[in-house]
*Asks:* 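Here you go, one structure.
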Protein chains: 2
Amino acid sequence: MKQTNAKLSSNGIKPTYQRMRILKFLHQNRTHPTADTIYRELLKDIPTISRTTVYNTLKKLNDRGMVAMLTITGNEARFDSETAPHHHFLCEKCGAIIDIDVRCPLADKMSVGGHTIKEIHGYFKGVCSRCVASVVDAKKGESPHEGENTTQ
Amino acid sequence: MKQTNAKLSSNGIKPTYQRMRILKFLHQNRTHPTADTIYRELLKDIPTISRTTVYNTLKKLNDRGMVAMLTITGNEARFDSETAPHHHFLCEKCGAIIDIDVRCPLADKMSVGGHTIKEIHGYFKGVCSRCVASVVDAKKGESPHEGENTTQ
DNA sequence: TTTCGTGCAAAGCATTTGCAAGTAG
DNA sequence: CTACTTGCAAATGCTTTGCACGAAA
């Protein structure tokens, strides 16, 4: 918990217990969880935590650039504590968001068409390797690679 | 209206008046409007049109691949009738979404990390040329390049 | 005391759904 | 007749806000 504490402090955020747990959860769960998933998971350990605190904290972390907010699914925000620039892969079958380490050459541009670039965002959409492998199972009416982490 | 009619028919969508007007609106307004913007604009001409019909139509057009749904702002879907692959630029000042014709070399990949790619999405975020030019005005407390089309 | 964080409840907003009435073939 | 479309109203789901209580400095 030391590292988490230090990260918060050095970014001007008072390291409360809830905040440390939220940031720690993101560091440990690289599945790009939603605010609600974080809330429900932490609720198991911290019975008094509220959605408000989770949303407040994520907003604050996002404002300081400590987490990225992904809006690629359209109906919910997903959070990513990896701050180094990278891209994502969204599986249209199971909903999983996977980090992709390929780097787009365009990412080095400072401007395009006269517009000043500050960030570049990109993601691929398709079928992840696990879903491709479980096509046979899926045809049997089973849910995609059950028991494994996906959208969570 | 002939072209719009034909486009709908050839995609297996019954060309009702509302649907033609919605698709036509998207062809004529390349500002990536929201569903609600489309609704409010068409309401001026078609006093009986409903949001439901706009949403239904956009969903149907999206299903057939006739329009793209952009979720880059996070709190609302924006629609684009340009079906050729291209990227976008989101201005963090005025909210405008601008088509970008640069093509990422990664767009040719069929797979990445074992995952099958079906679509590639990318956008730049920063300050558009008009907002950069109107920084002085903005400091005077004025809204970004007023009178021009932006988020609409 | 003053400021900040927490969490409950309510509100807000984009979108979806249920359903009754209308339209086309 | 039969299938599809429209649009109102209500519901849904994610997120934000108002507010009172509590903790920290």
*Asks:* Rounded off to whole Å, could you give me the CG-to-P distance for the B:Asn75 and D:dT17 pair?
*Replies:*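 One finds 12 Å between P of D:dT17 and CG of B:Asn75, rounded.
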*Asks:* Give me the atom names and distance for the closest heavy-atom approach of B:Ile49 to B:Leu42.
*Replies:*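 In this case the closest contact between B:Ile49 and B:Leu42 is CD1-CD1, 4.1 Å.
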*Asks:* For D:dC8, does the base pair up with any side-chain atom of B:Thr52 as donor and acceptor (N or O, under 3.5 Å, distance only)?
*Replies:*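 Such a pair exists between side chain and base.
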*Asks:* Roughly, in whole Å, what's the span from CG in A:Leu8 to P in C:dC4?
*Replies:*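 Interatomic distance, CG of A:Leu8 to P of C:dC4: 17 Å.
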*Asks:* Given atom CG of A:Leu23 and atom P of C:dG5, what is their separation to the nearest angstrom?
*Replies:*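 In whole Å, C:dG5 P and A:Leu23 CG are 16 Å from each other.
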*Asks:* Check this for me, if you would: do B:Arg21 and B:Asp45 make a salt bridge, where the nitrogen-to-carboxylate-oxygen distance has to be below 4.0 angstrom?
*Replies:*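 A salt bridge links B:Arg21 with B:Asp45.
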*Asks:* Should the pair B:Phe124 and B:His87 be assigned to parallel (<30°), tilted (30 to 60°) or perpendicular (>60°) ring geometry?
*Replies:*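 Answer is perpendicular, since the angle exceeds 60°.
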*Asks:* With a 4.0 Å cutoff (strictly under), does any side-chain N or O of B:Gln18 reach OP1 or OP2 of D:dT6?
*Replies:*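 Answer yes for this pair, as a side-chain N or O of B:Gln18 is under 4.0 Å from OP1 or OP2.
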*Asks:* Honestly curious: do B:Phe25 and B:Tyr55 fall in one hydrophobic cluster under the side-chain, below-4.5 Å linking rule?
*Replies:*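 Per the 4.5 Å side-chain linkage, B:Phe25 and B:Tyr55 are not co-clustered.
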*Asks:* Kindly assign one of parallel, tilted or perpendicular to the pair A:His88 and A:His32, based on the angle between their ring planes and the thresholds 30° and 60°.
*Replies:*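 A:His88 and A:His32: perpendicular rings.
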*Asks:* Nearest nucleotide by nearest heavy atom, which residue falls closer to the 5' end of DNA chain C, A:Thr48 or B:Lys59?
*Replies:*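 Here A:Thr48 is the residue nearer the 5' end.
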*Asks:* Provide, to the nearest angstrom, the distance between the CG atom belonging to A:Leu61 and the P atom belonging to C:dG5.
*Replies:*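 Distance, rounded to whole Å: 12 Å.
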*Asks:* CG of B:Asn56 versus P of D:dC8: gap in Å, rounded?
*Replies:*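 That distance rounds to 13 Å.
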*Asks:* Expressed as a whole number of angstroms, how long is the span from B:Asp36:CG to C:dT16:C1'?
*Replies:*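 In whole Å, C:dT16 C1' lies 15 Å from B:Asp36 CG.
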*Asks:* With nearest nucleotides of DNA chain D determined for B:Pro47 and A:Ala35 from heavy-atom distances, which residue corresponds to the more 5′ nucleotide?
*Replies:*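 Upstream on the strand: B:Pro47.
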*Asks:* Kindly say if A:Tyr55 contacts the phosphate of D:dT15, meaning a side-chain N or O under 4.0 Å from OP1 or OP2.
*Replies:*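 For D:dT15, OP1 or OP2 has a side-chain N or O of A:Tyr55 closer than 4.0 Å.
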*Asks:* Rounded to the nearest Å, what distance is computed from the CG atom of residue B:Leu43 to the C1' atom of nucleotide D:dT6?
*Replies:*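 That distance rounds to 15 Å.
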*Asks:* Measuring to OP1 and OP2 of C:dG5, would you say a side-chain N or O of A:Thr16 lies under 4.0 angstrom away?
*Replies:*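 Indeed not, no polar side-chain atom of A:Thr16 lies that close.
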*Asks:* Taking OP1 and OP2 of C:dC8, is either one under 4.0 Å from a side-chain nitrogen or oxygen of A:Ser50?
*Replies:*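 For A:Ser50, the contact criterion (side-chain N or O under 4.0 Å from OP1 or OP2 of C:dC8) is not met.
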*Asks:* Can you tell me the distance, in whole Å, between the CZ atom of A:Arg51 and the C1' atom of D:dT16?
*Replies:*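 A:Arg51 atom CZ is separated from D:dT16 atom C1' by 13 Å.
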*Asks:* Compare the minimum distances between each of C:dA14, D:dT5, C:dG5 and the side chain of B:Arg19, then state the nucleotide with the smallest one.
*Replies:*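 Selected nucleotide (nearest to the side chain): D:dT5.
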*Asks:* Under 4.0 Å: is that the gap between some side-chain N or O of B:Thr53 and OP1 or OP2 of D:dT5?
*Replies:*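 No, outside the criterion.
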